[in-house]
There are 2 protein chains.
Amino acid sequence: MNDMKKSVIKRRKSADIRKDNLQLILSVAEQRFAEYGYNGTTISAIADQAKLPKSNILYYFKTKEVLYKEVLSKILKIWMVDMEEMTAEQHPKQALRHYILLKIKQSKDHSNASRIFASELLHGAPFLRDKLQTDLKTQFIRTCQVIREWIAKQWMNPISPEHLLFMIWSSTQAYADYGLQSSILMGKTELEDDDFETGAELITQIVLKGCGIKLL
Amino acid sequence: MNDMKKSVIKRRKSADIRKDNLQLILSVAEQRFAEYGYNGTTISAIADQAKLPKSNILYYFKTKEVLYKEVLSKILKIWMVDMEEMTAEQHPKQALRHYILLKIKQSKDHSNASRIFASELLHGAPFLRDKLQTDLKTQFIRTCQVIREWIAKQWMNPISPEHLLFMIWSSTQAYADYGLQSSILMGKTELEDDDFETGAELITQIVLKGCGIKLL
DNA sequence: GAACTTGTTGACTCCGTGGTCAGGTAGTTG
DNA sequence: CAACTACCTGACCACGGAGTCAACAAGTTC
């Protein structure tokens, strides 16, 4: 029986072992960091939850900081990718609607990642200040430019693109960050699919109308 | 010289000493907790910054948790008080504009408090879940009711009061929580008075228009 | 299957942190 | 000024967490 187990389960190539373990650790770490923050998370806790000995975690990630940064770097990508899709050629009605929808979806499907990102910003972005100043800023400026072109084409009212983006970010992000608070206030244990939909719909409506975007 | 110091500076009544020290400690603690979170803040760090020995902090606050809760309890009050002003009799145009302005002001003037509150929610509100479920929820329901009456009076479009409040909260709160990110993206070292004003103006405009609130 | 690389792990060290305590000093009260 | 209370603080302790290490097991390569 033990032999069978060995041949069926344990016979893995080194490369696979590595891949699997990295994946497992990263995923557990993401959960813990989201829930308890960087300082509130211990390697032992991650180890326990991943059902691996602590030393094994340290074997794959030299330090806690390395592990955290690894988690973070995946997150920034997720966070930025949706923005790239907006172009000046699109009409803001579709573009913004689509963007808001993606953002809400992100809050729902990657709530842990979103929350880690938020927590990082909240405490002064000690670990990803550089990336903000380069990668995100570039994309931010580009997107502001897109909005400015929409304004020039009179597809929407002349409003500050920067602050508009902040508003969209924060109100969509809130469904991840403050999902718990929201559900408590609405007397639920957690947000349901419906809530995300209603939220997306409301944000879209208010933003479109608020920006004076005419229906095509 | 020393005598003079003693008689001028050090001759304080016990009651005053107590008051002053409590105040000092709470204020320093608020700063540290905002910047580094609960787990990232050490009593020694607070002590150093307050220029008091660690033991002295522990003399006034038995444990770190007690100190943190003390800081928190002040915050929830600040956070809730603005909401109370909105009533069904007011027209939403003035009421919402006023509320948004207050909220932004809060993000500016009490950014530390705001950030601690946000961080607390982000990590599941371990210390103020109870208060949310009682105090804040009561006020929340009341305010939703106010909005519902506005809708009934056709002063604004029929939209979910709950989600509208979430949207207002998050977008105003963002100026505290993500102020740093924002300033980085806009190439500043920190947000200026102008930014808060522009933000408040933009949020107000978008929300009012977005809710279909007619000008009187 | 021998030499080598990669993965695994328990025992250990080191250090920072929350919290205690005992012995002080400064204000208060009769 | 004597007795008392409130305030102050350095020395100390216990604990938990990050990270090391050495020895071993499992896969790989020829």
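First the proteins, then the strands, lettered A, B, ... as listed; each starts at 1.
A straight line from CG of A:D16 to P of C:dT6 spans 15 Å, rounded to a whole angstrom. As rounded to whole Å, 12 Å separates atom P of D:dA6 from atom OH of B:Y60. Distance A:K64 NZ to C:dG16 C1': 13 Å, rounded to the nearest Å. Here D:dC8 presents its C1' atom at 12 Å from CD1 of B:I57, a figure rounded to the nearest Å. For the pair B:I43 CD1 and D:dC8 P, the interatomic distance rounds to 17 Å; values are reported in whole Å. Following rounding to the nearest Å, A:F61 (CZ) and D:dA18 (P) show an atom-to-atom distance of 15 Å. Rounded to whole angstrom, the span from the CG atom of B:L58 across to the P atom of D:dT9 amounts to 13 Å. Rounded to whole Å, atom P of D:dG17 lies 10 Å from atom CG of A:D48.
With hydrogens and angles ignored, no donor-acceptor pair under 3.5 angstrom links the side chain of A:K54 to the base of D:dG17. A donor N or O paired with an acceptor N or O is not found under 3.5 Å between the base of D:dG17 and the side-chain atoms of A:S44. Residue side chain B:S55 reaches the base of D:dG10 through a donor-acceptor N/O pair under 3.5 Å, judged by distance alone.
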**Report entry** side chain to side chain contact (heavy atoms under 4.5 Å, CB included) between A:E162 and B:L185, worked out
**Finding:** CA-CA 9 Å; A:E162 290 82 6; B:L185 292 180; over 6 Å; no
Query raised in the report: Would B:K103 and B:Y175 count as a side chain to side chain contact (heavy atoms under 4.5 Å, CB included) if you check the C-alpha gap in whole Å, the side-chain angles of each, and the deciding distance to 0.1 Å?
Result: CA-CA 9 Å; B:K103 274 284 172 195; B:Y175 284 80; over 6 Å; no
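Salt bridge B:D82/B:K105: absent, no basic N to carboxylate O contact under 4.0 Å.
Checked against a 6.0 Å centroid threshold, the rings of B:F166 and B:F140 count as neighbours.
If you run side chain to side chain contact (heavy atoms under 4.5 Å, CB included) between A:F61 and each of A:V71, A:I43, A:L26, only A:L26 comes through.
Contact annotation for A:T42: backbone-only contact, meaning every heavy-atom pair under 4.0 Å involves sugar-phosphate atoms and none involves a base.
Two residues are said to be in side-chain contact when any heavy atoms from C-beta on lie closer than 4.5 Å; A:K64 and A:I57 fail this criterion.
For the segment residues 18-36 of chain A, residues with any heavy atom less than 4.0 angstrom from an atom of DNA chain C are, sorted by number, A:R18, A:N21.
OP1 and OP2 of C:dT20 both lie 4.0 Å or more from every side-chain N or O belonging to B:Y59.
Residues A:L24 and A:L52 approach most closely at CD2-CD1, 4.1 Å, considering heavy atoms.
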